[in-house]
There are 2 protein chains.
Amino acid sequence: MKDSKVAEPKRLEDEGVTPSASQPGKRERTKQANREAILLAAAKVFAELGYGATTVRDIIRQTDLAAGTFYNYFKSKEEVFEALSDQSALRVRPRLRDERVKAQNFEGFIIGSFRTFFEYAESDRDYFNVMRRNTGALRVRMDTPEIVAGFDELEQDIRDGIAQGLLPDVDPSYLTGAMIGVAFEVCDRMLQREPIDVDNAAKFASDLFLGGLRSMTGKS
Amino acid sequence: MKDSKVAEPKRLEDEGVTPSASQPGKRERTKQANREAILLAAAKVFAELGYGATTVRDIIRQTDLAAGTFYNYFKSKEEVFEALSDQSALRVRPRLRDERVKAQNFEGFIIGSFRTFFEYAESDRDYFNVMRRNTGALRVRMDTPEIVAGFDELEQDIRDGIAQGLLPDVDPSYLTGAMIGVAFEVCDRMLQREPIDVDNAAKFASDLFLGGLRSMTGKS
DNA sequence: CTGAATTGTTGACGGGGCGTCAACTTTGGT
DNA sequence: ACCAAAGTTGACGCCCCGTCAACAATTCAG
C-alpha cells in the first residue's frame with residue numbers, strides 16, 4: 001500500500017523551530033504540555049461549574065486529550081485540585097519566606113507575613129475564589145503537600161523566633177494556628193469586598209496580632 | 001354494621017403506655033425515629049470510613065430501612081452531613097449566646113466566647129473530628145444554615161458591642177473573621193493533643209485577642 | 001368496625017461517571 | 001530501517017445514584 005518512493009523531502013518538524021528550547025526530548029515536552037493543559041482546563045471548569053459539579057470528563061473535554069489520558073497524570077479530580085493548590089502555595093511560599101528572613105523583630109515578621117499573603121491572594125484571586133466557593137473559607141486541604149509544608153515552615157520559623165527572643169514565649173503551635181486562621185478568614189472577607197483593600201486588611205490583622213503578642217510578652 | 005354494644009373495653013394501644021408521649025400520631029413518630037436513625041448511622045459511618053468514602057447505601061445499611069427511604073429524608077449524603085453540622089451548631093449556639101449576653105465588657109465577651117466554644121468542641125469531639133478529617137473535602141460548609149446563622153449572630157453582637165462601646169471601633173466583619181479563624185484553628189490543634197487542655201487553648205486565644213483589641217482601642 | 005384516601009416504604013431499574021485495559025500510535029535509540 | 005519503550009485512546013464493566021411504580025401502613029370518615 002505504501003508508496004516506496006523516498007523522494008518525499010523530510011518535512012521539517014513543526015516543533016523544531018526553537019533549537020534552544022528543545023533540550024528535553026519531545027516525549028518530556030508533551031508530558032509537560034499535557035499536564036499543564038489539564039491543569040489549565042481544570043482551573044477553568046472548576047471556576048465555571050464549581051468543584052462539586054465538575055467531572056473528570058468535563059475537564060478532559062476542554063483539552064484535545066482522551067479520557068484515559070487524564071489518569072496518566074492525575075488519580076482523580078481531587079488530585080487536580082490539590083495540584084492547583086500546590087501551584088498556588090509554590091508561588092506564595094518563597095515570598096513569605098523572604099519576608100520572614102528579612103524580619104529583624106516580631107513586628108516585621110507579623111506585618112510582612114500578613115501583607116505578603118494578602119497581596120498574593122489578591123493577585124491570585126481566581127484560584128482563591130474557586131477555593132472559597134468550593135471548599136468554604138475555613139481551612140485549606142490539609143493533604144496538599146505544599147500547603148502542609150508551608151504551614152510547617154511557618155511554625156518552624158515561629159519556633160525559631162521564640163528561641164531567638166524575637167517573639168514572646170507562647171505556644172508555637174497555637175500561634176501558628178491563630179495566624180493561619182486569621183489570615184484565611186480575614187482574606188476571605190477582604191476578597192468579597194469592592195474595592196479590595198489589601199492595606200486595610202493587612203493593617204487590621206497586623207495590629208490585632210502585634211497588640212496581642214506585645215501583651216503576651218513575658219508570659220509563660 | 002356498627003355494633004351498638006359499648007361494652008368492649010378499649011384496648012390500650014401498644015404504644016400508648018406513656019400517655020404524655022403519645023401526642024403526635026404514629027406516623028409522625030416513625031418519621032422522627034427514621035430521621036434520627038439515619039443521622040445516627042451517618043455519624044457512625046462517616047467516623048468509620050470518612051466522608052468521602054461513605055456512600056448513601058453504607059449509611060442506610062446501618063438502619064433497617066430501604067435505599068429509597070433515605071431520599072424521603074435527605075437529598076444526598078452531603079445534606080446529611082449538613083444536618084449533623086446543624087445539630088452541632090444548634091447545641092453550641094445557645095451557650096455562646098448566653099455567654100455573650102452575660103458579658104458586661106469586651107473581656108468577658110472574648111473570654112466567654114472562646115471558652116464556651118472550646119469546651120463544646122471537646123464535648124462533641126466525635127463530630128469535630130469527622131469535620132476535621134474531612135475539612136479538605138468539605139470544610140465547614142458555608143451553606144449550613146445554623147452555622148451561617150451563628151456566624152451572622154456573632155457579627156451582629158460584635159457590631160452591637162462596638163456601638164455600645166464595649167468593643168473598640170474596628171472593622172466588625174474582619175473582627176468576626178479573626179475570631180472564627182482563631183477559634184477553629186486553635187481548636188483544631190487543641191483536639192489533636194493528649195491530654196486535651198481546654199484551659200490552655202482558651203487562655204491563649206483570649207489573651208491574644210484581648211491584648212490585640214486593647215491595643216486597638218481608640219483607633220479608627 | 002370497615003373501607004377509602006393519604007402517607008410512607010420498598011427495591012428494582014435506567015442513567016451516568018469512574019477507572020481500567022488491550023489495541024494502537026509515537027518516540028528514541030541502534 | 002527497525003524495534004523496544006513510553007504514551008494515548010476510547011470502549012467497557014463496575015458501582016453508585018436518584019427515581020418510581022407497586023405495595024404496606026396509618027389515618028380518617030361514616
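Remember, it's a predicted structure, so these values are computed and weren't measured experimentally. Each chain gets a letter, A, B and so on, in the order its sequence line appears, and its residues count up from 1.
Separating the CZ atom of A/Arg29 from the P atom of D/dA6 is a distance of 18 Å, rounded to the nearest angstrom. Distance B/Arg35 CZ to C/dG8 P: 14 Å, rounded to the nearest Å. One interatomic measurement links the two molecules: CD1 of B/Ile60 to P of C/dA12, which rounds to 16 Å at whole-angstrom precision. The CG atom of A/Leu49 sits 12 Å away from the P atom of C/dG17 (whole-angstrom rounding). One interatomic measurement links the two molecules: CD of A/Glu78 to P of C/dG19, which rounds to 10 Å at whole-angstrom precision.
Applying the side-chain hydrogen bond (donor to acceptor under 3.5 Å, both in side chains) rule to A/Glu153 yields the partners A/Arg93, A/Arg97; only residues at least two apart in sequence or on another chain are considered. With sequence neighbours left out, A/Asp157 forms a salt bridge (Lys or Arg N to Asp or Glu O under 4.0 Å) with A/Arg100. With sequence neighbours excluded, the residues that form a side-chain hydrogen bond (donor to acceptor under 3.5 Å, both in side chains) with A/Arg159 are A/Glu155. In this view, B/Lys31 satisfies the salt bridge (Lys or Arg N to Asp or Glu O under 4.0 Å) rule with no residue, not counting sequence neighbours. The salt bridge (Lys or Arg N to Asp or Glu O under 4.0 Å) test applied to A/Arg61 returns A/Asp58, not counting sequence neighbours. Among residues two or more places apart in sequence or in another chain, the side-chain hydrogen bond (donor to acceptor under 3.5 Å, both in side chains) test is passed with A/Arg35 by none. Remark: A/Ser88 pairs with A/Tyr120, A/Asp124 by the side-chain hydrogen bond (donor to acceptor under 3.5 Å, both in side chains) rule, at least two apart or across chains.
When the C1' atoms of four end pairs are superposed on the next four at each end of the helix from C/dC1-D/dG30 to C/dT30-D/dA1, using five pairs per end, the two resulting axes differ in direction by 10°, to 10°.
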At under 4.0 Å between heavy atoms, which parts of nucleotides 7-19 of chain D does protein reach? Answer with one letter per nucleotide, 5' to 3': B base, S sugar-phosphate only, - none. SBBBB----SBBB
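Checked by atom type and distance alone, the side chain of B/Lys77 pairs as donor or acceptor with a backbone atom of B/Gly52 at under 3.5 Å.
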